[in-house]
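Hydrogens, waters and symmetry mates are skipped; everything else that's a heavy atom, side chains included, is used. None of the values given here were measured: they were computed from a predicted structure.
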Amino acid sequence: MRVLLVGAGGVGTAVTRIAARRPFFDRMVVADRDPARAEAAVAALGEDGTRFRTERVDAGDEAQVTALLDRHGCDVLLNATDPRFVMPLFRAARGAGATYVDMAMSLSRPHAQRPYEECGVKLGDEQFARADAWAKGGALALVGMGVEPGLSDVFARYAADELFDEVEEIGVRDGANLTVDGYDFAPSFSIWTTIEECLNPPVVYEADRGWFTTAPFSEPEVFDFPEGIGPVECVNVEHEEVLLVPRWVDARRVTFKYGLGREFIDTLRTLRLLGLDRTEPVTVPGPDGPVRVSPRDVVAACLPDPATLGERMHGKTCAGTWVRGVKDGAPREVYLYHVVDNRWSMAEYGCQAVVWQTAVNPVVALELLADGAWSGTGVLGPEAFPAQPFLDLLTAYGSPWGMREQ
């Protein structure tokens, strides 16, 4: 397997450090618009250069990415950029005949008249609209294969196959007790992506209603997270699992709730109130005259790079899937989860917990594709594949998952 990894930020760098310990690929080309980031990611591996290369690439330039895939003979494109670049990279992989893997799906657009009741363009709609073309071409796009979405979807598949006869509800629940020394506000993941998913209308799925939307931060609940994290208030947030799980798993209701905390929610609401969540450029004065900048990009530039926060971070992060249903005629509830301690991920990989937890899952998926344990054609989510091989291999990577009866 030859992999083109596009994006050498926090998650991309973690991908290289995890993959470097595995023998399943022949080459990984690490490409970024900033060649210094790609070079730093590879240099930190201390390898002899036989399996890793670096390149400069504009992820938004489809032709450039396709040419890069062809030049290096890469048969897989792993997208580690933010969701703005999903579609050009998705199309570039198809143009080059490569397998495509991402961790976040094509962007949504709220309903113009009823944004908090009806769906407009949903997450992933642009990709699923091209599913037939991928299938007819015998090609695979594995979408939403990070931690959430990704591992959370694998948990949903596992629960439906192994733990329940009937599934009433699947709810992804994400929480942490992470703190960052020296900062009053320092998101542990891309603020660009966080603004996008938290301020868009959350989507809920119900079998008798289909997909519909609600207000941001709605339906608060306190969820007790394992391994010492404890109770965290979680709220509805737009996320891919709600759009993916019902396509392959029979459940009456699917939700996603994120443990953000009141201060974080208030900050996001303030950004929206001031228009600083916008992606459309505005004109501002510059030393050489007016310049056009995106307010959201300015916010991101003003905050610390999440990848650099590891030494200042303390605590654990938990991603998991809560499932309620019936087994052998009796009601059952379980929480399937994966916890990463920042102290462990920094000591073992030099990566902070959130980016490491995101990065490990696509690497596991690539290894399953390389050895044939996972295969398919079309545009498929993690739920479309058998869960047990993934969970076994994740444990073999030294990062076991857990299950708690509720």
Side-chain angles (χ1 to χ4, degrees), residues 82-84 86-87 104-129 143-144 148-149 152-153 156 168-175 187 189-223 232-247 249 251-280 282 294-296 299-300 319 321-322 324 381:
D82 73 52
R84 287 175 289 183
V86 163
M87 289 311 296
M105 298 178 67
S106 60
L107 293 171
S108 64
R109 293 192 296 276
H111 192 279
Q113 287 76 43
R114 293 165 55 85
Y116 303 135
E117 292 86 20
E118 298 182 31
C119 296
V121 175
K122 302 188 297 300
L123 291 169
D125 275 358
E126 289 187 78
Q127 291 170 286
F128 282 117
V143 297
E148 291 171 341
S152 51
D153 305 71
E168 294 284 341
E169 183 169 0
I170 294 174
V172 179
R173 299 293 184 265
D174 179 299
F189 201 69
S190 162
I191 188 62
W192 199 101
T193 304
T194 301
I195 290 172
E196 181 73 16
E197 64 189 19
C198 290
L199 293 179
N200 276 349
V203 180
V204 175
Y205 174 83
E206 293 180 356
D208 59 354
R209 187 175 173 184
W211 287 293
F212 61 93
T213 57
T214 182
F217 316 122
S218 57
E219 299 181 358
E221 67 176 56
V222 175
F223 192 86
V232 179
E233 184 182 73
C234 297
V235 293
N236 279 326
V237 167
E238 181 191 50
H239 233 253
E240 286 90 343
E241 291 94 326
V242 180
L243 289 313
L244 286 169
V245 169
R247 296 175 185 270
V249 178
R252 292 186 176 88
R253 179 175 164 88
V254 182
T255 60
F256 179 97
K257 293 189 179 184
Y258 199 2
L260 293 170
R262 185 54 46 190
E263 182 182 3
F264 200 103
I265 290 173
D266 289 344
T267 300
L268 291 173
R269 283 178 167 154
T270 300
L271 291 175
R272 165 148 290 182
L273 182 68
L274 298 175
L276 294 174
D277 63 317
R278 293 166 51 192
T279 58
E280 303 83 5
V282 298
S294 157
R296 194 184 298 185
V299 172
T321 305
W322 164 75
R324 178 174 62 87

pair Thr279-Trp192: side-chain heavy atoms closer than 4.5 Å: yes
Lys257 side chain near Val235 side chain, heavy-atom distance below 4.5 Å: no
From Asp82 atom CG to Leu107 atom CG, the distance as rounded to the nearest 0.5 Å: 8.0 Å
Residue Arg247 excluded, over 12 heavy atoms near CZ under 6.0 Å: yes
Donor-acceptor under 3.5 Å (Ser108 side chain, Lys122 main chain): no
Ile170 vs Thr321, side chain to side chain contact (heavy atoms under 4.5 Å, CB included): CA-CA, chis, key distance, verdict: CA-CA 7 Å; Ile170 294 174; Thr321 305; 3.6 Å; yes
Carboxylate-amine/guanidinium contact Glu196 Arg84, below 4.0 Å: no
Residue pair Tyr205 / Ala251: nearest heavy atoms and the distance that separates them: CE2-O, 3.5 Å
pair Pro115-Thr213: side-chain heavy atoms closer than 4.5 Å: no
Minimal non-hydrogen separation, Val143 against Met105, with atom names: CG2-CE, 3.6 Å
Gap separating the CG atom of Leu243 from the SG atom of Cys119, nearest 0.5 angstrom: 7.0 Å
Test item: Glu219 side-chain N/O and Asn236 main-chain N/O as donor-acceptor pair under 3.5 Å: no
CD1 on Ile195 to CZ on Arg272, rounded to 0.5 Å: 9.5 Å
Heavy-atom side-chain contact between Tyr258 and Ile265 under 4.5 Å: no
Steps toward side chain to side chain contact (heavy atoms under 4.5 Å, CB included) verdict (Leu123, Val203): CA-CA 9 Å; Leu123 291 169; Val203 180; over 6 Å; no
Closest non-hydrogen atom pair, Val232 against Gly259: CG1-CA, 3.7 Å
Non-hydrogen side-chain atoms of Val172 and Glu148 separated by less than 4.5 Å: yes
Rounded distance (nearest 0.5 Å) linking atom CG of Leu268 with atom CD of Glu263: 11.0 Å
Under 3.5 Å: donor-acceptor pair, side chain of Arg296, backbone of Arg278: no
Rounded distance [0.5 Å steps], CD in Glu233 versus CD in Glu221: 9.5 Å
Donor on one side chain, acceptor on other, Arg173 and Ser152, under 3.5 Å: no
Least distance between heavy atoms, Pro295 atom then Gly275 atom: CB-O, 3.7 Å
From CG (Asp277) to OG1 (Thr194), nearest 0.5 Å: 13.0 Å
Side-chain heavy-atom pair Val249, Val254 within 4.5 angstrom cut-off: no
Minimum side-chain heavy-atom gap Glu169-Trp322 below 4.5 Å: yes
Phe217 side chain reached by Pro202 side chain, heavy atoms, under 4.5 Å: no
Least distance between heavy atoms, His239 atom then Glu241 atom: ND1-OE1, 2.7 Å
Minimal non-hydrogen separation, Gly144 against Asp153, with atom names: O-OD1, 4.4 Å
